[in-house]
2 protein chains.
Amino acid sequence: MARAATTSDVFNAIAEPQRREILVLLRAGERSVTEVAQELGMTQPGASKHLRVLREVGLVCDRKAGKQRLYGLDASGLRPVHEWTGGFEQFWNESFDRLDAYVQDLKQTRKAE
Amino acid sequence: MARAATTSDVFNAIAEPQRREILVLLRAGERSVTEVAQELGMTQPGASKHLRVLREVGLVCDRKAGKQRLYGLDASGLRPVHEWTGGFEQFWNESFDRLDAYVQDLKQTRKAE
DNA sequence: TTTACATATACCGATATCGGCATATGATTG
DNA sequence: CAATCATATGCCGATATCGGTATATGTAAA
C-alpha cells in the first residue's frame, strides 16, 4: 500500500504546494484553468490536474462560462483542518509558556549571582 | 519528480492519518515507541518510522529515558497550518452566509405562497 | 560479558504521485 | 460543417510513499 489517495482527503490535497498556491489565488476570485496556469507559471494540463484534485475533495467548485470553465474557492473543506490544528493550540501556547518560564528563571538566576 | 518530500514539510507530515493519530495520542503525554505502537495498533518499526518523520519536521521531540526513548509533542509546528487555513476563515463564513441567505429566501418564498 | 529489552534501519513489493508531452473531448464561432 | 479556442485525459518515466519482515544498533541489567 502506498500513501492514502490524495483524492477524497483534504489533508492530502493541501499537502501539495502548488495546490495551496491555487487556493490562495482563488481567494481573489474565480479563474479559468488557463488563467490559473498563467498566473502561477504552470502548464495547462498541470493546472487542470491540480484543479481536479481540489474539486474532488470539494475545495473548489466549477461552473461553465462559455468555452471556459471557471473555478471558484469553496473553503469550507479547510475548516476541519483549521479545527484539527486548533485542537493543539493550548500546546503551542504551553511551550511558549514553558519558554517564558525558562527565561524568567534565567533572569532570577542572574539576579541571584 | 514525485510528491515533495514528506520530510521538512509539516503539511505533508500531517497528511498521513496515522501520524495525525500519533500527534493526538501525544497530547495525553509522552510515550515510548512501543507504547505508541501498542496503543495505536501499529508495528514497532511502523511507529518508529512515523515518529522519525514527525521528529524531522519538528512536531515531536524525543529524550532518552533508560533503555526507552520518550517522544513528546511539540505542536508549535502546527501553528503555521492553523494560520494558513485561518486565512480562509472569511470564505467559509461567507459560504455559510450565502447558505443562510438562501434559507431566508426560501422562508420568504413560502410565506408569499 | 552475556543476556534481554528497546529502538532504528535496511530491504522489498505494490502502488501512488507529479510533471511533461501528445491528444482527445467540449464548446463557440465563422 | 469546419476551424478555433479551452479544457480534460492518457501515457510515460522517475521517484517517493507505506507497510511488513528481518536485522542491526543501542542501552541496561544479570
Side-chain angles (χ1 to χ4, degrees), chain A residues 1-23 25-26 29-73, chain B residues 1-23 25-26 29-73:
Chain A
M1 204 187 301
R3 178 176 290 190
T6 168
T7 249
S8 78
D9 181 345
V10 176
F11 281 90
N12 266 297
I14 65 170
E16 233 298 319
Q18 306 220 59
R19 286 197 285 264
R20 290 202 297 277
E21 286 186 45
I22 291 177
L23 293 176
L25 173 64
L26 293 185
E30 289 179 324
R31 292 286 189 284
S32 72
V33 178
T34 308
E35 285 170 338
V36 169
Q38 285 183 342
E39 298 191 42
L40 298 181
M42 18 196 303
T43 64
Q44 178 271 317
S48 182
K49 284 183 217 172
H50 281 310
L51 285 166
R52 186 197 218 285
V53 173
L54 292 172
R55 189 187 4 169
E56 284 174 346
V57 302
L59 286 173
V60 301
C61 51
D62 61 307
R63 67 185 182 85
K64 293 198 304 183
K67 62 172 81 169
Q68 294 189 331
R69 175 166 291 268
L70 295 183
Y71 282 84
L73 190 60
Chain B
M1 205 187 302
R3 179 177 289 193
T6 166
T7 249
S8 79
D9 182 344
V10 176
F11 281 92
N12 267 297
I14 65 171
E16 232 300 318
Q18 305 221 59
R19 286 197 285 264
R20 289 201 298 276
E21 286 185 45
I22 291 178
L23 293 175
L25 173 64
L26 293 184
E30 288 179 326
R31 291 285 190 284
S32 72
V33 178
T34 308
E35 285 170 338
V36 169
Q38 285 182 343
E39 299 192 40
L40 297 182
M42 19 196 302
T43 65
Q44 178 272 316
S48 182
K49 284 184 228 172
H50 282 309
L51 285 166
R52 186 196 217 286
V53 173
L54 292 172
R55 189 186 6 168
E56 284 174 346
V57 301
L59 286 173
V60 301
C61 51
D62 61 307
R63 66 185 182 87
K64 293 198 304 185
K67 61 172 83 171
Q68 295 189 331
R69 176 166 289 268
L70 296 183
Y71 282 85
L73 190 60

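Naming: A, B, ... by sequence-line order, numbering from 1 per chain.
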Gap between atoms [atom1] and [atom2], on [X] and [N] respectively (whole Å):
X: B:Asp9; N: C:dT17; atom1: CG; atom2: P; value: 16 Å
X: A:Gln18; N: C:dT17; atom1: CD; atom2: C1'; value: 13 Å
X: A:Glu30; N: D:dT7; atom1: CD; atom2: P; value: 12 Å
X: A:Glu16; N: D:dT17; atom1: CD; atom2: C1'; value: 14 Å
X: A:Lys49; N: C:dT17; atom1: NZ; atom2: P; value: 12 Å
X: B:Arg19; N: D:dA16; atom1: CZ; atom2: P; value: 15 Å
X: B:Leu51; N: C:dT9; atom1: CG; atom2: P; value: 12 Å
X: A:His50; N: D:dA8; atom1: NE2; atom2: C1'; value: 15 Å

Legend entry - Backbone of A:Ile14 reached by a side-chain donor or acceptor of A:Arg20 within 3.5 Å: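 Looks like yes, one N/O pair under 3.5 Å.
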
Legend entry - Verdict with reasoning, B:Leu23 to B:Leu73, per side chain to side chain contact (heavy atoms under 4.5 Å, CB included): CA-CA 7 Å; B:Leu23 293 175; B:Leu73 190 60; 3.8 Å; yes

Legend entry - Distance test, side-chain N/O of B:Tyr71 to OP1/OP2 of C:dA8, below 4.0 Å: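 Yes, such a contact exists.
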
Legend entry - Presence of B:Arg52 side-chain N/O under 4.0 Å of C:dT9 phosphate oxygens OP1/OP2: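 The answer is yes; a side-chain N or O of B:Arg52 sits under 4.0 Å from OP1 or OP2.
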
Distance-only donor-acceptor hits, side chain of residues 37-44 of chain A, under 3.5 Å, sequence neighbours excluded:
{"from": "A:Glu39", "atom 1": "OE2", "to": "A:Arg31", "atom 2": "NE", "distance (Å)": "2.7"}
{"from": "A:Thr43", "atom 1": "OG1", "to": "A:Gly46", "atom 2": "N", "distance (Å)": "3.1"}

Legend entry - Strand contacts (DNA chain D) in residues 62-70 of chain B, 4.0 angstrom heavy-atom criterion: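 By residue number: B:Lys64, B:Gly66, B:Lys67.
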
Heavy-atom closest contact ([X] atom, [Y] atom, distance):
X: A:Val36; Y: A:Ile22; answer: CG1-CG1, 3.9 Å
X: B:Ala13; Y: B:Val57; answer: CB-CG2, 3.8 Å
X: B:Gly72; Y: B:Leu26; answer: C-CD1, 4.2 Å

Which pairs of donor and acceptor atoms, one on a side chain in residues 58-69 of chain A, lie under 3.5 Å apart (sequence neighbours left out)?
{"from": "A:Asp62", "atom 1": "OD2", "to": "A:Arg69", "atom 2": "NH1", "distance (Å)": "2.2"}
{"from": "A:Arg63", "atom 1": "NE", "to": "A:Glu30", "atom 2": "OE1", "distance (Å)": "3.4"}
{"from": "A:Arg63", "atom 1": "NE", "to": "A:Glu30", "atom 2": "OE2", "distance (Å)": "2.8"}
{"from": "A:Arg63", "atom 1": "NH2", "to": "A:Glu30", "atom 2": "OE1", "distance (Å)": "2.9"}

Inset, instruction - Using five pairs at either end of the helix from C:dT1-D:dA30 to C:dG30-D:dC1, determine the angle between the two local helix axes and round it to 10 degrees. - result: 10°

Inset, instruction - Mind checking the CZ-CZ spacing from A:Arg19 to A:Arg52? Nearest 0.5 Å is all I need. - result: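 Atom-to-atom, A:Arg19:CZ and A:Arg52:CZ are 12.0 Å apart.
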
Legend entry - DNA chain C contacts among residues 33-47 of chain B, heavy-atom distance under 4.0 Å: B:Val33, B:Thr34, B:Gln44, B:Pro45

Legend entry - Per A:Ser48 side chain, nearest of listed nucleotides D:dT9, C:dG20, C:dT7: D:dT9

